[in-house]
Participant: 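Structure provided below as structure tokens; questions to follow.
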Amino acid sequence: MPTPSTEHADPRATAHALLEPGSTVCGFTVESRETIAELDADAYVLRHATSGARLLYLACDDENKAFAIAFKTPPANDTGVFHILEHSVLCGSAKFPVKEPFVDLIKSSMQTFLNAMTYPDKTIYPVASTNEQDLLNLMDVYMDAVLNPAIYTKPSIFQQEGWHYELDVPDNATPREGTLCYNGVVFNEMKGALSDPMSVLDDAMCAALFPGTAYACESGGDPRHIPELTYEEFIDTHARHYNLPNSYITLYGDFADIRRELAFLDERYLSQENAASACIARRRAEGASPEELGPNELGDPAPVVCAHKTVRMDTTPENALVGIAYVLGDALDAARTVAADVLFESILGSNEAPLKKAILAADLGGNVVSYTAPTYAKPYEIIILQNAKPGVADQLQQLVLDECARLVREGIPRERLEAVISGNEYALRQRDYGTADGVALACDALNTWLYSDDAPTDALKYADTYTKLREALEGDFFEQLLAELVLESDHHALVELVPTGDTPAREASDEAARLAAIKDAMSDEDLQQVLDTVAELRAQQEAEDAPEDRAKLPRLHVADIGPARPEPALVVDTTAPIPCLRHDIPTRRLAYALTYFDLSHVSYAELPYVKVLCRLMQQLATDRRSAAELDSYIGSNLGFLSFNTEIFQQPNAKLARPMLTVSAGALSEKIDMLASIPREVWAETVFEDTDRIRDVLTQMRIGMEQAFITAGHQAAVGRALSYVSPAAVVAEQLGGVDFYRFLRDTLDHFDEQAEGLCDKLRELQTRIFTSTGTMASFTGSEKDYERYWSAAGNLGLEPRTAPAKELYVPMPEPKHEAFVIPSDVCYVARASDPRVLGIATDGTWSVAAGALTYGYLWNEIRTKGGAYGCWFRSAIDRQVSFSTYRDPAIDPTLKRIAQAGSWLKHLKVDQATLEGYIVSTVSGLDAPLKPYALTKRRNAAYFGKRPAHFREQAREEMLACTEKRLRALGDDVTRIAAEAPACVFGGRDIIDASAENWNVVDLLG
């Protein structure tokens, strides 16, 4: 295998010299080469001669390298087999026979991304790292996992990750007197996923749009059907789909010599027999037909019209939904998908977009959301009416048709189309995908590559498309497209989700009756077998991996960690018109301007109004522009503009610094707009359109209710922390449960409170947006910095003259709350400020957090307990928390949390495992950030009064961590688990089953 040069050459030049189209390199034939200018990358398409595996290499100058392997996996039923496989193949393999290599990699590598995802027609396994040897290690484990998983010899993996029976037998009772139930990680995960009305609607929409195809199936698995999956079908499905001719491999980044990665894949995996191919060969020898051995068919998504479909779900009445979806065409016409996305964003993307505005004006529901779904053979656009009034589905559909007909006839406002195109072009230059670039691009490439070997890069190329879309603004292209997609559509569906109080009781009753019947049909021997199987599964889950097996995992050592990535010093420019935090960070000719307004003069009772003020900014007219004109003006000239609140914890645990943050980004060419537009919005917004204000507040309420259901762990941690931390008490007023209650009360009494609300917002606008206590922040080139202040002046800000009110925060108090939400799972949290407990924390605690999360909680709460996620977090010295995600029960989790400190106190690990904890923790601290995220992080450290080199100090403490130091934290962790307040969000049945004396609150009414 070639050894990389110590001198890192230009990866694009190296690849260009090596990968000549038509040549063969390390077993791969180079089929094509092209430059993708918008990615600053060269794309090489290769095919492995022996195995038939496809490979796309994106050569570029990005140290955050990535690898992914994907398989086409269209489901044939609702058992969720591909989702269970996604989990299961990462539970040990032939070469790495440990229980959880996935977890071992998380806690021992320098990964910047490590996960796997199941889509409706594919499964992808991506990883990323800034260290090339580390990426090779990750590739090794992932390739062996998908091709040679331990599932063929360990049925217990299927039971753990998919489903199994459990028998709950009371003390001193016989097995016959026990209660039979289901358990399994995916089974419980999907109970949580399908508690989300939006997910249920989306599934129903796919079934309506694509009947008789894989898309009509629930790829994640329906809990009603997951227990229908047998181990034999599970294994057969893996063999038929996880084979190399059905694979798609992506490499991305600045590899020193790509031959190293190609040779590795060729020699280790692609030229070798694997478990799937061996299984297929064996079945072929036994007489199985080619049809029986082939992968599932995707099915032909032929045009179909679903006039009106109704699904029923147990959820609150506010979660009533109506969805209308239109198929956009073929995935291989990537330019059409992009054009359609621009079109629908222009008419639905904001409250001022014409179609969304018309729907809101019709008062059919509380909010309208829409999105383009590009990850299908037939992409579609879905329009969803949230908080829908009863019986409005047909009315909504007719309104959409009428408004689209008007827009086709009268023309779509060009300023709206231009604003969307400009915003998308800004995003393309920014390239902030929210994750490692190579991972996002590997997933995007499959939007076309999966459906044609001739289209591996079609979904990655946008520049020419946007050039043509700008040219199309001069004609009627968009009107014709809208007519084709909506008015002349022969492939669309209307689906209504109706809340009902009967469905869950019936479903729970059906499941209980089904299980009771199964138990009645079991013999005493069968019941004992259930107990024995669970006991055996528990024993395997609790057993330690053999040292010789752990030694087989590739590992980095502390010596492999390079020095910290240098950052330019943060400069506080006091000579600027407004004191400014100056960030000298490369930005690809973008600029970011942030303005921080002090809120210490706002009273505690006024804080919720500040949050409302932030949300209404950009949604209302200003003195010089209507709301619609302002919306288009911002979109055309800025990459983004946001108003939000932030709370910066202080060195004194009793203090917090709340601020209102105005953030904006723009192309360097539009620095003058970066200076003028935020100023216009904060100074000139007019608070008098009460109908529009009501709409926005309703949208906020709906969004918060959705978040409680889908991300209850975040709400639970914040609420639990508010029982002890003044800063968290403020956070609750500005965005937690307390703010939600304020919002509901305001909406319930809106008519009588509207005038007073507007007066309060005007008064706060005058009091907050002043120069007193205000700080600016700028990220961009020196030239842009000078241009910005030249255009901005003092941002129109003068010293505050209004009388200040003092921010007195009520003392935190324990409440031990359990909030009832419409869900089949729960979210459990214990959280505190360690300073309140008198516990001093440092960088060692970050290493301990990794050890506890992946060395203890993962096995106890996820593997055994069946929760989908579990964490212990330590934010250096200002927050510690335990939390769970999509958890089937409360009390077992709290009991396991209580034992976490004892586990840590008696921790015994070998040097390699300890170094793994350190490496993974430090790499998380060192992971590269995009310029805007880095700006926000540095500003937060400044406003939180962090010492100048606190990150460097924490890093040194991490690197100096020892087993003894970790064990020494055990007693403190035990105290946290005992004394940190607890909070739960979850379904009523789960809360009622808890023996804890909760203060039960029906949050959503």
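Keep in mind that what you see is a predicted model, and the values were worked out from it rather than measured.
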Participant: Can you say whether the rings of Y326 and H492 are parallel (under 30°), tilted (30 to 60°) or perpendicular (over 60°)?
Facilitator: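 Geometry flag for H492 against Y326: tilted rings.
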
Participant: Given Y215 and D203, is the side-chain hydrogen bond (donor to acceptor under 3.5 Å, both in side chains) satisfied, shown in steps?
Facilitator: CA-CA 9 Å; Y215 299 129; D203 289 344; over 6 Å; no

Participant: Set out, in order, the CA-CA distance, both residues' side-chain angles and the distance that settles side-chain contact (heavy atoms from CB on, under 4.5 Å) for V392 and L385, then state yes or no.
Facilitator: CA-CA 10 Å; V392 301; L385 177 68; 3.8 Å; yes

Participant: Specify the closest pair of heavy atoms between L641 and P678, including all atoms of both residues, with the distance to one decimal.
Facilitator: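 Result for this residue pair: CD1-CG, 3.8 Å.
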
Participant: I need the R762 CZ to L613 CG distance, nearest 0.5 Å.
Facilitator: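 Between atom CZ of R762 and atom CG of L613 there are 12.0 Å.
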
Participant: Between L630 and Q619, is a side-chain contact (heavy atoms from CB on, under 4.5 Å) present by the stated rule, with each step listed?
Facilitator: CA-CA 8 Å; L630 180 67; Q619 304 284 342; over 6 Å; no

Participant: Hey, can you tell me if Y932 and Y592 have their rings parallel, tilted or perpendicular (30° and 60° cut-offs)?
Facilitator: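 Y932 vs Y592 ring planes: tilted.
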
Participant: Kindly give the heavy-atom pair with the smallest separation between L298 and T213, and that separation in Å.
Facilitator: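 Nearest pair, atom of L298 first, then T213: O-CB, 3.5 Å.
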
Participant: With a 3.5 Å distance limit and no angle check, can you tell me whether E38 reaches the backbone of A463 through a side-chain donor-acceptor pair?
Facilitator: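 A pair under 3.5 Å: yes.
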
Participant: With distance as the sole criterion, is a donor-acceptor pair present between the side chains of D341 and T372 under 3.5 Å?
Facilitator: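 There is such a pair (donor and acceptor under 3.5 Å, judged by atom type) between the side chains of D341 and T372.
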
Participant: List the atom of Y44, the atom of A59, and the distance in Å for their closest heavy-atom pair.
Facilitator: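 Reported closest heavy-atom pair: CE1-CB, 4.2 Å.
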
Participant: Could you tell me whether the side chain of K936 reaches within less than 4.5 Å of the side chain of T661, counting heavy atoms only?
Facilitator: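 When only atoms from C-beta onward are counted, K936 and T661 do touch, with a gap below 4.5 Å.
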
Participant: Hey, mind stepping through E381 and R336 against salt bridge (Lys or Arg N to Asp or Glu O under 4.0 Å) and telling me if it holds?
Facilitator: CA-CA 12 Å; E381 182 76 20; R336 181 180 176 89; over 6 Å; no

Participant: Does the side chain of D61 come within less than 4.5 Å of D40's, by heavy atoms?
Facilitator: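 When only atoms from C-beta onward are counted, D61 and D40 do not touch, as no gap falls below 4.5 Å.
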
Participant: How many angstroms lie between CG in L58 and CG in D42, if you round to the nearest 0.5 Å?
Facilitator: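 Rounded to the nearest 0.5 Å, the CG-CG separation comes out at 9.5 Å.
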
Participant: Measuring only between side-chain heavy atoms, which start at C-beta, is L39 closer than 4.5 Å to L441?
Facilitator: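 In short, these two side chains touch, coming nearer than 4.5 Å.
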
Participant: Within the structure provided, determine whether L481 and E479 are in side-chain contact (heavy-atom separation under 4.5 Å).
Facilitator: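 The answer is no, as the side chains (C-beta and beyond) never meet within the 4.5 Å cut-off.
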
Participant: Salt bridge (Lys or Arg N to Asp or Glu O under 4.0 Å) between E684 and R624: does it pass, once the steps are laid out?
Facilitator: CA-CA 8 Å; E684 300 180 29; R624 68 183 87 177; 2.4 Å; yes

Participant: Look only at the side chain of R787 and the backbone of S668, and say whether a donor-acceptor pair between them is shorter than 3.5 Å.
Facilitator: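 Yes; judged by distance alone, with no hydrogens or angles, the pair exists.
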
Participant: Could you measure the distance from the NZ atom of K357 to the CD atom of E403? Nearest 0.5 Å is fine.
Facilitator: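 Going from the NZ atom of K357 to the CD atom of E403 covers 10.0 Å.
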
Participant: Test side-chain hydrogen bond (donor to acceptor under 3.5 Å, both in side chains) on T779 and T935; report intermediate values, then the result.
Facilitator: CA-CA 7 Å; T779 306; T935 297; 2.7 Å; yes

Participant: When rounded to the nearest 0.5 angstrom, what is the spacing between CD1 in I702 and CD in Q386?
Facilitator: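 I702 CD1 to Q386 CD: 5.0 Å, rounded to 0.5 Å.
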
Participant: R406 vs E410, test: salt bridge (Lys or Arg N to Asp or Glu O under 4.0 Å). Steps then yes/no.
Facilitator: CA-CA 6 Å; R406 184 191 71 79; E410 299 178 9; 2.8 Å; yes

Participant: Evaluate the side-chain proximity of Y380 to C206: yes if any heavy-atom separation is below 4.5 Å, no if none is.
Facilitator: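 In contact.
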
Participant: When you check the side-chain N and O atoms of D121 and Y376, is any donor under 3.5 Å from an acceptor?
Facilitator: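 Distance-only check fails for D121 and Y376.
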
Participant: Without swapping roles, check the side chain of K356 against the backbone of I347 for a donor-acceptor pair under 3.5 Å.
Facilitator: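 Flag not set: sc K356 to bb I347 has no pair under 3.5 Å.
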
Participant: Looking at I421, V420, L482, which hits side chain to side chain contact (heavy atoms under 4.5 Å, CB included) with S346?
Facilitator: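 Testing S346 for a side chain to side chain contact (heavy atoms under 4.5 Å, CB included) against I421, V420, L482 leaves exactly one candidate, V420.
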
Participant: Indicate whether any N or O donor in one side chain lies under 3.5 Å from an N or O acceptor in the other, for N637 and Y426.
Facilitator: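 There is no such pair (donor and acceptor under 3.5 Å, judged by atom type) between the side chains of N637 and Y426.
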
Participant: When you look at R589 and D784, which way does the salt bridge (Lys or Arg N to Asp or Glu O under 4.0 Å) test go after all the steps?
Facilitator: CA-CA 9 Å; R589 305 187 316 282; D784 285 345; over 6 Å; no

Participant: Specify the closest pair of heavy atoms between A331 and T448, including all atoms of both residues, with the distance to one decimal.
Facilitator: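 So the two residues come closest at O-CG2, 3.4 Å.
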
Participant: Determine the minimum heavy-atom distance between L795 and A675, stating which atoms define it.
Facilitator: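 Between these two residues, the closest heavy atoms are CD2-O, 3.9 Å.
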
Participant: State, yes or no, whether a side-chain contact exists between P577 and W789 at a heavy-atom distance under 4.5 Å.
Facilitator: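 Side-chain contact under 4.5 Å: yes.
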
Participant: Taking atom types as modelled and ignoring hydrogens, do the side chains of S636 and S422 form a donor-acceptor contact shorter than 3.5 angstrom?
Facilitator: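 Side chains of S636 and S422: no pair found under 3.5 Å.
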
Participant: Can you find a side-chain donor-acceptor pair between S350 and D631 that sits under 3.5 Å?
Facilitator: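 Per modelled atom types, S350 and D631 side chains form a pair under 3.5 Å.
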
Participant: Counting only heavy atoms not in E474 (residues, nucleotides, ligands), do more than 12 fall under 6.0 Å from its CD?
Facilitator: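 Count not over threshold, so no.
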
Participant: P11 and G253: which non-hydrogen atoms are nearest, and at how many Å?
Facilitator: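 Result for this residue pair: CB-O, 4.4 Å.
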
Participant: So do K72 and K122 actually touch side chain to side chain, heavy atoms under 4.5 Å?
Facilitator: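 When only atoms from C-beta onward are counted, K72 and K122 do not touch, as no gap falls below 4.5 Å.
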
Participant: Please answer whether the main-chain N or O of D394 pairs with a side-chain N or O of H308 as donor and acceptor at a distance below 3.5 Å.
Facilitator: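 The answer is no, because no donor-acceptor pair under 3.5 Å joins these two groups.
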
Participant: Just verifying a value: how many Å separate L473 CG and K468 NZ, rounded to the nearest 0.5 Å?
Facilitator: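 If we round to the nearest 0.5 Å, L473:CG and K468:NZ are 15.0 Å apart.
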
Participant: Given the ring of Y633, does R625 sit roughly above its face, with NZ or CZ under 6.0 Å from the centre of the six-membered ring and within 45° of the axis?
Facilitator: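 Positive - R625 is close enough to the ring of Y633 and near enough to its axis.
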
Participant: Do the charged groups of R54 and D453 touch, with an N to O distance under 4.0 Å?
Facilitator: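 Yes, charged N to carboxylate O under 4.0 Å.
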
Participant: Checking side-chain contact (heavy atoms from CB on, under 4.5 Å) for the pair L355/C404: CA distance, chi angles, key distance, verdict?
Facilitator: CA-CA 7 Å; L355 180 52; C404 287; 4.2 Å; yes

Participant: Determine whether S452 and L332 make a side-chain contact, defined as any pair of heavy atoms from C-beta on separated by less than 4.5 Å.
Facilitator: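 With C-beta onward as the side chain, the pair touches.
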
Participant: Please round to the nearest 0.5 Å and tell me the distance separating atom NZ of K930 and atom CG of N64.
Facilitator: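 Here the interatomic distance stands at 8.5 Å.
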
Participant: For L328 and F344: C-alpha separation, side-chain torsions, deciding distance, then whether side-chain contact (heavy atoms from CB on, under 4.5 Å) applies.
Facilitator: CA-CA 11 Å; L328 307 179; F344 283 107; 3.9 Å; yes

Participant: Residues two or more places apart in sequence or in another chain: which of them pass side chain to side chain donor-acceptor pair (under 3.5 Å) with Q699?
Facilitator: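 For Q699, the residues satisfying side chain to side chain donor-acceptor pair (under 3.5 Å) (neighbours in sequence not counted) are N351, N367.
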
Participant: Can you list every pair that meets ring-ring contact (aromatic ring centres under 6.0 Å, His included) and has a residue in residues 443-471, with sequence neighbours left out?
Facilitator: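 Found Y248-W449.
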
Participant: Could R582 and F778 be counted as a cation-pi pair, given that NZ or CZ must be under 6.0 Å from the ring centre and within 45° of the axis?
Facilitator: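 No - R582 does not lie over the ring of F778 by the 6.0 Å and 45° rule.
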
Participant: Could you go through the side-chain hydrogen bond (donor to acceptor under 3.5 Å, both in side chains) check for E34 and T457 one step at a time?
Facilitator: CA-CA 9 Å; E34 64 178 321; T457 61; 2.5 Å; yes

Participant: Is it true that the side chains of N644 and R615 contain a donor and an acceptor less than 3.5 Å apart?
Facilitator: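 The criterion, which ignores hydrogens and geometry beyond distance, is not satisfied for R615 and N644.
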
